Amino acid sequence: MKNGKSKLVLVAGGAGFLGSHLCDALLSEGAHVVALDNFQTGQKQNLRHLEREPRFDLVDSDIIKPVPSRLRSKKMKFDEIFNLACAASPPHYQADPEHTMLTSVVGTHNLLTLAEDIGARFFLASTSEIYGDPEVHPQTESYWGNVNPTGPRACYDEGKRAAETLTFDFARAERADVRVARIFNTYGPRMRADDGRVVSNVICQALAGDDITIYGDGSQTRSFCYVSDLVDGFMRLMAYKGPFPGAVNLGNPVELTVGDLAQKVLTMTGSSSQIVTRPLPVDDPRRRRPDIALAKQLLGWSPKTSLDVGLRETIAWFADERSGSTKAARAPTMLQGAVAAGQA
Ligand code: UDP
């Protein structure tokens, strides 16, 4: 709440996995929320439950294009702008690498300029990918990273690095009040079954009784954060009152190998799927674990959900999706909430 009035918040990428959970969290705190999405990887069904929510609206637009004029009207003075808009799974962001790069660079610039114009606080969803295949472990915010600038992951990694550069430059020039989160691997309900990432792949394969695909020998590590913990970190970072703290890692520091993750999912699902190996993708990072000392110190934040609890929730959600029980009345039309009607 600001001066007794609820906040008006723009969530770019609001129909995505993380964006839709963020919209829910903001609405539950009383905010008015406008989600903007081009539906490249975001899905209307993620926001289906908000169709009749008067404090919510959904706008179909790509952040690469100029921000739609209806979002630039006097009544649309956003207090906060979250930029979560970018395909984030390697197969999705590599499908159109040019678009991925421009989403991070041109799209972030468009939203930063809007934030500057209206005095909104700006939040960039950056990524642990900016550390590349890290030579420092665990990764602290002061590490500059080890990214191959010309490989197949570069469109995402370098795009996000450039988005951070732009965001820091706007902060240095005092053109916008900004926050930058470096997000580590995150999982939970509303991941797409075809997302292509290890958690969704392994769970869907185990539930279907299909072969579990492990890339390489499965000894590479990741650290998986449950989505509600991450969104709590987003909210705390955006609300942080001190001077710009630089980029802040948000992730779960519990590290395990991809092979161990697959075994865990096999055990939890009781699946008889077989593990098969596939070639390791080019530039696939060997190890990844966040150092979250800064988030702890600044935000009093650390993840609360254990991998067992989070995986149980996620497996149950995918099982539900498979059974079709949550698929009733899908494909909503565009939402027409009070916010876009100028009643915010
Ligand atoms: N991976 C795997 N099987 C899959 C999908 C991914 O073994 O079906 C591996 C992938 O090569 C990487 C790790 O799991 O080493 C995490 O991949 P993901 O795409 O989930 O995230 P990212 O590589 O972006 O951290």
Side-chain angles (χ1 to χ4, degrees), residues 16-18 41 84 86-95 97 100 103-104 125-134 137-139 143 145-148 151-161 181-227 230 249-266 269 271 273-290 307 310-311 314-315 318:
F17 162 50
L18 300 181
T41 55
L84 275 60
C86 192
S89 164
H92 288 282
Y93 71 64
Q94 288 170 17
T100 299
T103 298
S104 282
S126 184
T127 170
S128 58
E129 287 283 327
I130 69 107
Y131 300 122
D133 189 9
H137 193 81
Q139 291 77 57
Y143 176 48
N146 178 36
V147 173
N148 173 358
R153 295 177 91 98
C155 59
Y156 186 70
D157 301 7
E158 296 290 7
K160 288 288 187 183
R161 287 172 70 92
R182 291 188 181 148
I183 304 168
F184 286 65
N185 297 64
T186 304
Y187 70 101
R190 300 186 197 156
M191 288 184 98
R192 292 171 62 122
D194 67 351
D195 187 68
R197 274 181 284 199
V198 67
V199 173
S200 47
N201 274 6
V202 168
I203 291 176
C204 291
Q205 290 160 344
L207 292 174
D210 294 340
D211 287 347
I212 307 269
T213 54
I214 295 291
Y215 303 162
D217 63 5
S219 64
Q220 69 272 36
T221 69
R222 293 292 187 274
S223 309
F224 298 97
C225 186
Y226 191 62
V227 62
L230 187 80
N249 286 342
L250 293 177
N252 191 319
V254 176
E255 180 184 3
L256 79 167
T257 67
V258 163
D260 285 347
L261 174 78
Q263 284 299 344
K264 198 180 237 318
V265 171
L266 278 175
T269 52
S271 170
S273 290
Q274 303 296 310
I275 290 187
V276 297
T277 56
R278 297 277 179 268
L280 193 67
V282 175
D283 295 335
D284 199 85
R286 289 288 317 152
R287 302 180 77 186
R288 183 182 290 154
R289 169 155 59 105
L307 189 59
L311 282 178
T314 311
I315 291 167
F318 274 116

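Just so you know, ligand 1 is whichever comes first in the structure, and atom 1 is the first atom listed for that ligand. Note that the coordinates shown come from a computational prediction; the quantities given were computed from them, not determined experimentally.
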S89 to ligand 1, any heavy atom closer than 4.0 Å: no
Residue pair N185 / V198, side-chain heavy-atom distance below 4.5 Å: no
Which segment of N185 sits under 4.0 Å of ligand 1 when only heavy atoms are counted: side chain
Atom indices of ligand 1 within 4.0 angstrom of N201 heavy atoms, with elements: 4 (C), 5 (C), 8 (O)
Heavy-atom side-chain proximity of T41 to F17 below 4.5 angstrom: no
Whether Y131 and F184 hold their rings parallel, tilted or perpendicular, with breakpoints at 30° and 60°: tilted
Salt bridge (charged side-chain N to carboxylate O under 4.0 Å, His left out) between K160 and E129, worked out: CA-CA 8 Å; K160 288 288 187 183; E129 287 283 327; over 6 Å; no
Atoms of ligand 1 close to R153 [distance to a heavy atom under 4.0 angstrom, numbered from 1]: 22 (P), 23 (O), 24 (O)
Intermediate values then yes/no, salt bridge (charged side-chain N to carboxylate O under 4.0 Å, His left out), D195 and R190: CA-CA 10 Å; D195 187 68; R190 300 186 197 156; over 6 Å; no
Ligand 1 versus R287: contacting region, heavy-atom distance under 4.0 Å: neither
Side chain, backbone, both or neither: V258 near ligand 1, heavy atoms under 4.0 Å: side chain
Ligand-residue contact atoms, ligand 1 with E129, heavy atoms, under 4.0 Å: 24 (O)
Any N or O of R288 closer than 3.5 Å to N or O of ligand 1: yes
Protein heavy-atom partner closest to atom 15 (O) of ligand 1 - residue, atom, separation in Å: D284 OD2, 2.5 Å
From T213, I315, T269, V265, residue fulfilling side chain to side chain contact (heavy atoms under 4.5 Å, CB included) relative to V202: V265
Identity and separation of the nearest protein heavy atom to atom 3 (N) of ligand 1: T213 O, 2.8 Å
Nitrogen or oxygen of V198 less than 3.5 angstrom from that of ligand 1: yes
Contact atoms of ligand 1, heavy-atom distance to P281 under 4.0 Å: 11 (O)
Which residue and heavy atom of the protein sit nearest atom 16 (C) of ligand 1, plus the separation: R222 NE, 3.6 Å
Region of P90 that comes within reach of ligand 1 [heavy atoms, distance under 4.0 Å]: side chain
Shortest protein heavy-atom distance from atom 5 (C) of ligand 1, along with the residue and atom involved: Y215 CE1, 3.2 Å
Between S273 and Q205, a side-chain donor and acceptor under 3.5 Å: no
Candidate pair H92 and Q94, rule side chain to side chain donor-acceptor pair (under 3.5 Å), full reasoning: CA-CA 5 Å; H92 288 282; Q94 288 170 17; over 6 Å; no
Side chain to side chain, P138 and E255, heavy atoms closer than 4.5 Å: no
Side chain to side chain contact (heavy atoms under 4.5 Å, CB included) between L307 and L256, worked out: CA-CA 10 Å; L307 189 59; L256 79 167; 3.8 Å; yes
Ligand 1-proximal atoms of Q220, by part, heavy-atom distance under 4.0 Å: side chain
Side chain to side chain donor-acceptor pair (under 3.5 Å) evaluation trace for S219 with R286: CA-CA 8 Å; S219 64; R286 289 288 317 152; 2.9 Å; yes
Numbering as shown, the atoms of ligand 1 that approach G196 to under 4.0 Å (heavy-atom distance): 5 (C)
For atom 19 (O) of ligand 1, the protein heavy atom that lies nearest, with its residue and separation: R197 CG, 3.1 Å
Test item: P134 and N146 side chains (from C-beta on) under 4.5 Å apart, heavy atoms: no
Atom indices of ligand 1, in the order listed, that fall short of 4.0 Å to a heavy atom of I214: 7 (O)
Sub-4.0 Å heavy-atom contact, Q205 with ligand 1: no
